[in-house]
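Contents: one structure, followed by commentary.
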2 protein chains.
Amino acid sequence: MDHEVAARESAAPAAPGHFDAEADVVVVGGGGGGLPAALFSRWLGNEVILLEKAPELGGTARKAAFWYWVPNNEPMRALGIEDREEDCLRYMARLSRPHQYDPDSPTLGLSAWEYELCRAIYQSASPATELLAERGALPYRHCAGVPDYWAELPEDKAPTGRVLVPLDASETMSDGGRVGLQTMGDAAARDGVQVRTGHRVQRMIVADGAVVGVEATTADGATHRVRARKAVIFATGGFTHNQELRQHFLNVPVYGGCAALTNEGDFVAMASSVGAQLRNMNYAWMCPVPLEKAVARDPDLSGMFSVAGDSMLFVDKRGLRVVNEKLPYNELAQTFFRWDPATGSYPYLVLVQVWDQRAQDHSASDEYGRLIVPPGTDDAHVIRGDDLPALAAAVGERLAGYAGVTGGLRLADDFLPNLEATIARFNELAAAGRDTDFGRGDRAVEQLFNGDVREEPGRANPTMWPLAGTGPYYAALVTGGTLDTKGGPKATPDGQVLDDQDRPIPGLYGVGNCVASASAQAYWAGGATLGPILALAHRAATAADAERVAQPQPVSS
Amino acid sequence: MDHEVAARESAAPAAPGHFDAEADVVVVGGGGGGLPAALFSRWLGNEVILLEKAPELGGTARKAAFWYWVPNNEPMRALGIEDREEDCLRYMARLSRPHQYDPDSPTLGLSAWEYELCRAIYQSASPATELLAERGALPYRHCAGVPDYWAELPEDKAPTGRVLVPLDASETMSDGGRVGLQTMGDAAARDGVQVRTGHRVQRMIVADGAVVGVEATTADGATHRVRARKAVIFATGGFTHNQELRQHFLNVPVYGGCAALTNEGDFVAMASSVGAQLRNMNYAWMCPVPLEKAVARDPDLSGMFSVAGDSMLFVDKRGLRVVNEKLPYNELAQTFFRWDPATGSYPYLVLVQVWDQRAQDHSASDEYGRLIVPPGTDDAHVIRGDDLPALAAAVGERLAGYAGVTGGLRLADDFLPNLEATIARFNELAAAGRDTDFGRGDRAVEQLFNGDVREEPGRANPTMWPLAGTGPYYAALVTGGTLDTKGGPKATPDGQVLDDQDRPIPGLYGVGNCVASASAQAYWAGGATLGPILALAHRAATAADAERVAQPQPVSS
């Protein structure tokens, strides 16, 4: 972490005693989970102190497009689009635990806990987002045409219409996070949430088995003890930027990801130390990312939500095409981590995106993490060659520079001839408009994220076009990363963190990527991160509000 | 768990007070980690109480072949086979973290903690096993010809010779676990280790941040509090039989596995509740397993260490061959969990092993989890057909019966014609003696586990032979499972369990599959489970012996 944030200390809980401040509800984290939790708590009449580790509010959500997936939302209802609870749960269960999905099971093959969490998301997402809109904290507009990421599944009975976006986001919606965090932050200031940035919560304060406050430190070394009369709600994000946790929990060996750099899994240690159980620690919200920025831990790293361009393809170190480049990002990101049991290696750990001048001219954009960027923007990741041999040589050199962090991954000796053959084959498929090798462009979501391409009237498949026979050509190195992780303590649908006997730990709540997600391995749709978080933040705030007020303690501030 | 074992209770630590018994060292678990830890502790002059949850000693190791991988072992040295520390560490690092392996890094790309654990294994495995042999607790013989599972890697400078096996194991060595547990158990009785079976440790007893004992319950409901003057050493195995932990930690969605049924991850909750950090929770020792016994949680379930037979192949639900059937078991097991990002499913979750009468006649065995079993043994998993259409129909029916636990996996409509074409292709490759599709038989380890096959003088590839043109044919359903999991609290090379600041928790030690393994994702060789466990048990016992003796407490028994 940067020097503006206090270093991590022991997470072992502290005892009560002197407090520097107190409130009814203490919220830890000021991003896409914490700000709404604070607002909901405040609107219920509570005094609320919000502690944010970074020098400013925003967290990961500020970097996001801030789509939010809200089943059976108000605009859907107004439009007469049916989205019944039982249908929506089927869709969620089918994708969260695909190998366990059982349409005949009362919980659809999910555990009872996961099933109830999914129900809570369905039931509370729309009320929560309506309340945020009504209070002016998060006015939205409806993305009626945006499909779910698995819209073609028979279990998806409402394949479009579940996505909302902050009202004043741009036409492309890529700035939704900035807009949404601005409106929520303004509402917090307006309505009297006490925001304290630069406060890293280090541990909980526990009395008689109940969490009664937290101890934070600031970058200048001061300790700040805050008492919570009712509850502490953690919303501190995942562990994307904690290498040790990533290695020892995630199901794939990612380099890192796009979360705010403050997302170091602080809650994992703190919650464990008061007897919480960790769950869903193996899964993350995944996305392709440019290798170089991921390795450099660039704070502006964006996931490649949209692999734009038609005359563009991915090849592996052998120069072979191995994947449908337009798969939804969470699925595309799995490709990089395919294990080869014969060689004991991850042969696709880095893939090479290759494009031509046509794609450069017509598909460049600096939004949504695209690698084909316009002139004048940061293009350090772009590798150029006047022809394919020159490009191959430059790619080989760039990749070799990362051998120390890729297990020695290098281009194969026959990369160039294979690349030429791969382009010839791709061009055939593109000319025919049908990718019989990998199915590129077959699904609605693939068209959604195709980005701008040169108009070619009448073509069947706008995701493909033959690469030019002459250069210049361009390339970039791609791997898989997280948007953020999905694991943390097990919490009830009301956000109550549970002990190893599934009993709530009094006074302790969690919301967002710092607690275990019911989505397990699924990425249901764009906004499947933030929609459920808003729903569960509302429920947690409501439950925390109902907690018995603890006995007063002496306070000085 | 069965009715002979107490139900799980809260893992929250208890305070000192009355104790029913005391010893210098309390060992929890009486399997392949606990028994040697108890013996080593006893031989250092300590009073030792060993608490075992099951009605008898043995744990998972008793079910195993009990190969143990001992780098630079005494017989190697006697034979002049060089196995230098730096070479061995390279081999271990290359496989544990393949994507991070860096031959130029001082820790070879491993974390400092993992590197030191690997060094400890190298340095202590041979002394530990020599001591066990000298004391008659585990006499062994050397398997000079057995190769490592990645013997062909350039990093493997001692590709054969690292495996030992209990002296009196049979020629096939499959009964090594029974033999090794017998000799160790006899030594424990002879040398005065106080063994108490049927005692499930529920929680630790903690005073001033130090672990000073444990609280166990018996099946009849009695509580038994045992004080440890020096230390408690946990050796309770992994979490193979805890579905919730499997789902929420492992990197692949296995049904279960071959560990003792008592391996439910009890230490995960207990250690977390005293501030330990969980590590390597994503990986397991993997093996193919027969689907039906895995789903049924058959206590006698064995991993398919050896997929025997030459006129035998695996096909997927489409009837297509998708993998080299002779891959080492840990690698073969990964195949079942390949995610298909286009369909949102695990298409290979269940594969079908198919064989003919030749393989039935010449490759049948009931050892090492083979599915081609001799007449008169349990063959409930075997599906028969007089010809391929009959076999395909029977397989389809059997598989459909498991649709509720496989995400609805069923045979494709064109399974039969594909199967016929697959067999024709396989037969071509077998006749040529070269599997240009999947490389079957290319590696030493694949020949090692080929099992008995009919002699065919002069053939180049004993792992393949054409399937007969006429029936009868046989089949069985296969999926991937664990031998046991590899994750748990982070411990030092001396077995000291660490808190979230990497400080040892006084009095608390862990050994074996209940603590985090340095092997990460690797299965270095046969016996890479038990060899390192013996090494680390020796180190933990030595470190525990040196712990300051705690102040006496009143004891009644």
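Every chain is numbered from 1, with letters handed out A, B, ... down the list of sequences. As the structure is a prediction and not an experimental result, all values here were calculated from the model.
In this structure, A/Arg94 contributes its side chain and B/Gly344 its backbone to a donor-acceptor pair below 3.5 Å. When atom types are taken as modelled, the side chain of B/Asp500 and the backbone of A/Met270 share no donor-acceptor pair closer than 3.5 angstrom.
Interface remark: A/Thr343 contributes backbone atoms only to the contact with chain B (heavy atom separation under 4.5 Å). Contacts between B/Tyr346 and chain A at a heavy-atom distance below 4.5 Å involve the side chain alone, from C-beta outward. If you measure heavy-atom distances from B/Leu245 to chain A, the contacts under 4.5 Å come from the side chain alone. Using a 4.5 Å cut-off between heavy atoms, B/Glu114 contacts chain A through its side chain alone, with no backbone atom that close. Both the backbone and the side chain of B/Asn280 come within less than 4.5 Å of a heavy atom of chain A.
Surrounding CG of A/Asp502 are more than 12 heavy atoms belonging to other residues, nucleotides or ligands, all under 6.0 Å away.
Options B/Leu349, B/Leu278, B/Val252 differ in how many heavy-atom pairs under 4.5 Å they form with chain A, and the most are formed by B/Leu278. When B/Ser10, B/Gly275, B/Ser272 are compared by the number of non-hydrogen pairs under 4.5 Å with chain A, B/Ser10 comes out ahead. Of the listed residues (B/Gly404, B/Ser273, B/Ser111, B/Ala276), the greatest number of heavy-atom pairs within a distance under 4.5 Å of chain A belongs to B/Gly404.
One distance of note links CD of B/Gln247 with CD of A/Gln521; it measures 10.5 Å at 0.5 Å rounding. Residue A/Glu244 holds its CD atom at 3.5 Å from NZ of B/Lys490, rounded to the nearest 0.5 Å. One finds the CG atom of A/Asp340 at 11.5 Å from the CD atom of B/Gln334 (value rounded to the nearest 0.5 Å). To the nearest 0.5 Å, atom CH2 of residue B/Trp339 and atom CZ of residue A/Arg338 are 12.0 Å apart. Atom NE2 of A/His99 sits about 7.0 Å away from atom OH of B/Tyr255, to the nearest 0.5 Å. Atom OH of B/Tyr283 and atom CG of A/Asn251 lie 8.5 Å apart (nearest 0.5 Å).
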